[in-house]
Asker: 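Shown below is the structure under consideration.
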Amino acid sequence: MLALIDANHFYVACERVFNPRLEGRPVVVLSNNDGCVVARSPEAKALGLPMGAPWFQCRDLARRHGIVALSSNYPLYADLSARMMAVLGQFSPRQEIYSIDECFLDLTGLERFDPTAYGQAMRRRVQQWLGLPVGVGFGSTKTLAKLANHLAKREPDWAGVCDFGALDAPAQDALLAGLAADAVWGIGPRWAARLRALGIATARDLRDADPQVVRRRFGVVVERIVWELRGVAGLTLEAIAPPKQQILASRSFGRPVAALAELQAAVAHHVARAAAKLRRQHGRAGAVQIWLRPQRDGAASAPPSIAGLLRLAAPSADPAVLTAAATRGVAALYQAGRRYRGAGVMLLELGSAARAQGDWLAPDAAARAAARLAVLDQVNARWGRGTLRLAREGFQQPWAMRQDHRSPAYTTRWAELPVARAG
DNA sequence: TCTGGGGTCCTAGGACCC
DNA sequence: TCTGGGGTCCTAGGACCC
């Protein structure tokens, strides 16, 4: 038995924990650069504000209905996420953190608990300890647990918990028949359209489809979903997160950038962020890929990003080494007179630092570099990210993203701690 | 007229997730 | 004028090996 627990409108819920005035009001949280809507309170959903909508297109609607819009506050969400995962981890020894606001729990061996009551206990504890609303779904496979979680949100009398296996067959059939195929985890709009053309329109149709036909037409991924819907597990719970195979850092600019030095500074900044993530998993990168996103020039189709792959002489997690390569790469891609709207960095060919090969011509170079990086990480852990950085990253950073409606870092910055007053 | 059978590695592209 | 930022897995096809 597996459980899938996720928070409802997680980013909005995090904001409400520290700003109760947002309770009961329509609230949305915007993506980086205040670009589009990435989280909506139920009140905002009820007003018809679509997920993913560009914010500038929603402004009129928002003004008419008094919708509150907030910039993303990732330090806050990441901190509350870590706390939520710790609380939920108390309910099972095996937990897979699947995203910032959801996790799977393996409840094998806990069968003596009534799942529905156990799920209610999870909801109560997260609500009471953190002030976050969560939903819980139980199923014999990951796909069924996901589906149950979805149903728990839809059926008001279930109070946020659904144990799919506890329903009898006719009830399961009726619920699955009421769900479009793309409500199933792993079925996106493309596959849903192709499935519909074959007469497979609902989750029930998909469960009852011929696995061999599905395999021939869609491959093993969709076939596995068919089996998972029948209760045959094809996806395992990954309690230990495997190291990342690629690490990406990218941002749109707050305003268009035309100067080469500014592009190089922005890319150096992304390299620093990506390299810090890489060191956290004790890895090294063998190659760096960078890309620049030119501004649209009126054409209907979006212009391509231009990308360059740079191989390093030896794998590294050193921002100085990686930035040197990236800086040359930017110069090679750069076209004078063009304006760019964003840039990004990807670290590839990741391997473990523990298995890295040394340079016999400079036997102590690796140890010296490691010591330097340790100092870098310690300083930035103590005094804040970016305290110690390459001058190449620049000081003004005029390309930095816009965040016009950001709430304070309530839990991660001393200066921004909330203040409680008596009386 | 008929043209084997078993691999590996790499890249590009497509689909999906939150 | 303004449309995010991360990730994963699978497949197909080409080049190459014996």
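Note that the coordinates shown come from a computational prediction; the quantities given were computed from them, not determined experimentally. Note that these values count all heavy atoms, side chains included, but never hydrogens, waters or copies made by symmetry.
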Asker: Counting the atoms with a prime plus P, OP1 and OP2 as sugar-phosphate, which does A:Leu30 contact under 4.0 Å by heavy atoms, base, sugar-phosphate, or nothing?
Answerer: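 Nothing, no heavy atom under 4.0 Å.
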
Asker: For A:Ala53, answer base if it contacts any base atom (sugar-phosphate contacts may also be present), sugar-phosphate if it contacts only those atoms, and nothing otherwise; contact means non-hydrogen atoms under 4.0 Å.
Answerer: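 The residue A:Ala53 makes no contact with any strand.
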
Asker: Using OP1 and OP2 only, check whether a side-chain N or O of A:Arg255 sits under 4.0 Å from C:dT1.
Answerer: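 Checking A:Arg255 against C:dT1: no side-chain N or O falls below 4.0 Å of OP1 or OP2.
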
Asker: Within the 4.0 Å heavy-atom criterion, would you say A:Asn32 contacts the bases, only the backbone, or no part of the nucleic acid?
Answerer: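 Sugar-phosphate contact only.
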
Asker: For a side chain to side chain contact (heavy atoms under 4.5 Å, CB included) with A:Leu322, tell me which candidate from A:Leu310, A:Val345, A:Val271 qualifies.
Answerer: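 Option passing the side chain to side chain contact (heavy atoms under 4.5 Å, CB included) with A:Leu322: A:Val271.
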
Asker: Assign A:Pro256 to base, sugar-phosphate, or nothing according to its heavy-atom contacts below 4.0 angstrom with the strands shown.
Answerer: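 A:Pro256: no heavy atom of the nucleic acid under 4.0 Å.
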
Asker: Within this structure, what is the CZ-SG distance for the pair A:Phe138 and A:Cys162, rounded to the nearest 0.5 Å?
Answerer: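 Answer for the CZ-SG pair, A:Phe138 versus A:Cys162, is 9.5 Å.
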
Asker: Would you mind reading off the distance between A:Leu348 atom CG and B:dT11 atom P, rounded to a whole angstrom?
Answerer: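 The answer, rounded to whole Å, is 10 Å.
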
Asker: Looking at every strand, decide which applies to A:Arg251 at a 4.0 Å heavy-atom threshold: base, sugar-phosphate, or nothing.
Answerer: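 Sugar-phosphate contact only - A:Arg251 comes under 4.0 Å of backbone atoms but never of a base.
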
Asker: I'd like to check A:Pro133 versus A:Gln127 (side-chain heavy atoms, cut-off strictly below 4.5 Å). Are they in contact?
Answerer: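 A:Pro133 vs A:Gln127: side chains touch.
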
Asker: Considering only C:dG7, C:dC2, B:dA15, which nucleotide approaches the side chain of A:Arg59 most closely?
Answerer: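 Given the options C:dG7, C:dC2, B:dA15, the side chain of A:Arg59 is closest to C:dC2.
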
Asker: Would you classify A:Trp185 as touching base, sugar-phosphate or nothing, given that sugar-phosphate means primed atoms plus P, OP1 and OP2, and contacts are heavy atoms under 4.0 Å?
Answerer: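 The residue A:Trp185 makes sugar-phosphate contact but no base contact.
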
Asker: Identify whether any heavy atom of A:Ile100 sits under 4.0 Å from a base atom; if not, whether one sits that close to sugar-phosphate; answer base, sugar-phosphate or nothing.
Answerer: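 Touches nothing.
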
Asker: Atom OH of A:Tyr11 to atom P of B:dC18: distance rounded to whole Å?
Answerer: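 Distance, rounded to whole Å: 12 Å.
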
Asker: Contact class for A:Gln245 (heavy atom, under 4.0 Å): base, sugar-phosphate, or nothing?
Answerer: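 The answer is sugar-phosphate, as A:Gln245 gets under 4.0 Å only of primed atoms, P, OP1 or OP2.
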
Asker: Return yes when atom CZ of A:Arg230 has more than 12 non-hydrogen atoms of other residues, nucleotides or ligands closer than 6.0 Å, and no otherwise.
Answerer: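 Enclosed.
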
Asker: Could you check A:Gly35 against A:Glu238 and say which one's nearest nucleotide on DNA chain C is further toward the 5' end?
Answerer: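 Comparing both residues, the 5'-ward one is A:Gly35.
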
Asker: Any side-chain donor paired with an acceptor under 3.5 Å for A:Ser99 and A:Asp101?
Answerer: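 Looking only at side-chain atoms, A:Asp101 and A:Ser99 do form a donor-acceptor pair, the distance falling under 3.5 Å.
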
Asker: Nearest-Å distance, CD (A:Glu223) to P (C:dC10)?
Answerer: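 The distance from CD of A:Glu223 to P of C:dC10 comes to 12 Å, rounded to the nearest Å.
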
Asker: When the nearest nucleotide of DNA chain C is assigned to A:Trp55 and to A:His270 on a heavy-atom basis, which residue is associated with the more 5' position?
Answerer: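 Taking each residue's closest nucleotide, the earlier one in sequence belongs to A:Trp55.
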
Asker: What's the separation between atom CD in A:Glu43 and atom CD1 in A:Ile67, rounded to the nearest 0.5 Å?
Answerer: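 Answer rounded to 0.5 Å: 10.5 Å.
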
Asker: What is the distance, rounded to the nearest whole Å, between atom OH of A:Tyr98 and atom P of C:dG6?
Answerer: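 It works out to 17 Å between those atoms.
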
Asker: Rounded to whole Å, how long is the line connecting atom CG of A:Asn8 with atom P of B:dC18?
Answerer: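 So the CG-P distance, A:Asn8 to B:dC18, works out to 14 Å.
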
Asker: In whole Å, measure the gap between the C1' atoms of B:dC17 and C:dG4 for me.
Answerer: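 About 15 Å, rounded to a whole number of Å.
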
Asker: Take A:Asp106 and A:Thr108 through the side-chain hydrogen bond (donor to acceptor under 3.5 Å, both in side chains) test and state the conclusion after the steps.
Answerer: CA-CA 6 Å; A:Asp106 183 352; A:Thr108 309; 2.5 Å; yes

Asker: What is the distance from CH2 of A:Trp191 to C1' of B:dG14, rounded to the nearest Å?
Answerer: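 For the pair A:Trp191 CH2 and B:dG14 C1', the rounded distance is 9 Å.
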
Asker: Could you give the CZ-to-C1' distance, from A:Arg341 to C:dT1, as a whole number of Å?
Answerer: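 Distance, rounded to whole Å: 12 Å.
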
Asker: State whether A:Lys244 places a side-chain N or O below 4.0 Å from either non-bridging phosphate oxygen (OP1 or OP2) of C:dG6.
Answerer: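 For C:dG6, neither OP1 nor OP2 has a side-chain N or O of A:Lys244 closer than 4.0 Å.
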
Asker: Between C:dG7, C:dT3, C:dC10, spot the one nearest the side chain of A:Leu248, thanks.
Answerer: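 Minimum distance to the A:Leu248 side chain belongs to C:dG7.
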
Asker: Any idea which of C:dG6, B:dT11, C:dT8 is nearest the A:Gln246 side chain?
Answerer: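 My answer, after comparing the listed nucleotides, is C:dT8.
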
Asker: For A:Lys146 and B:dC18, is the shortest distance between a side-chain N/O and OP1 or OP2 below 4.0 Å?
Answerer: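 Yes.
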
Asker: Taking pairing as Watson-Crick or G-U wobble with both contacts under 3.5 Å, can you name the mate of B:dC16, or confirm there isn't one?
Answerer: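 Base-paired to C:dG7.
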
Asker: What is the nucleic acid contact for A:Asp101, judged by heavy atoms within less than 4.0 Å: base, sugar-phosphate only, or nothing?
Answerer: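 Counting heavy atoms under 4.0 Å across all strands, the contact made by A:Asp101 is with sugar-phosphate only.
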
Asker: If only side-chain N and O atoms of A:Ser252 are considered, is one of them under 4.0 Å from the OP1 or OP2 phosphate oxygen of C:dG5?
Answerer: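 Checking C:dG5 against A:Ser252, a side-chain N or O does come within under 4.0 Å of OP1 or OP2.
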
Asker: Tell me: OH of A:Tyr77 to C1' of C:dG4, nearest whole Å?
Answerer: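 So the OH-C1' distance, A:Tyr77 to C:dG4, works out to 13 Å.
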
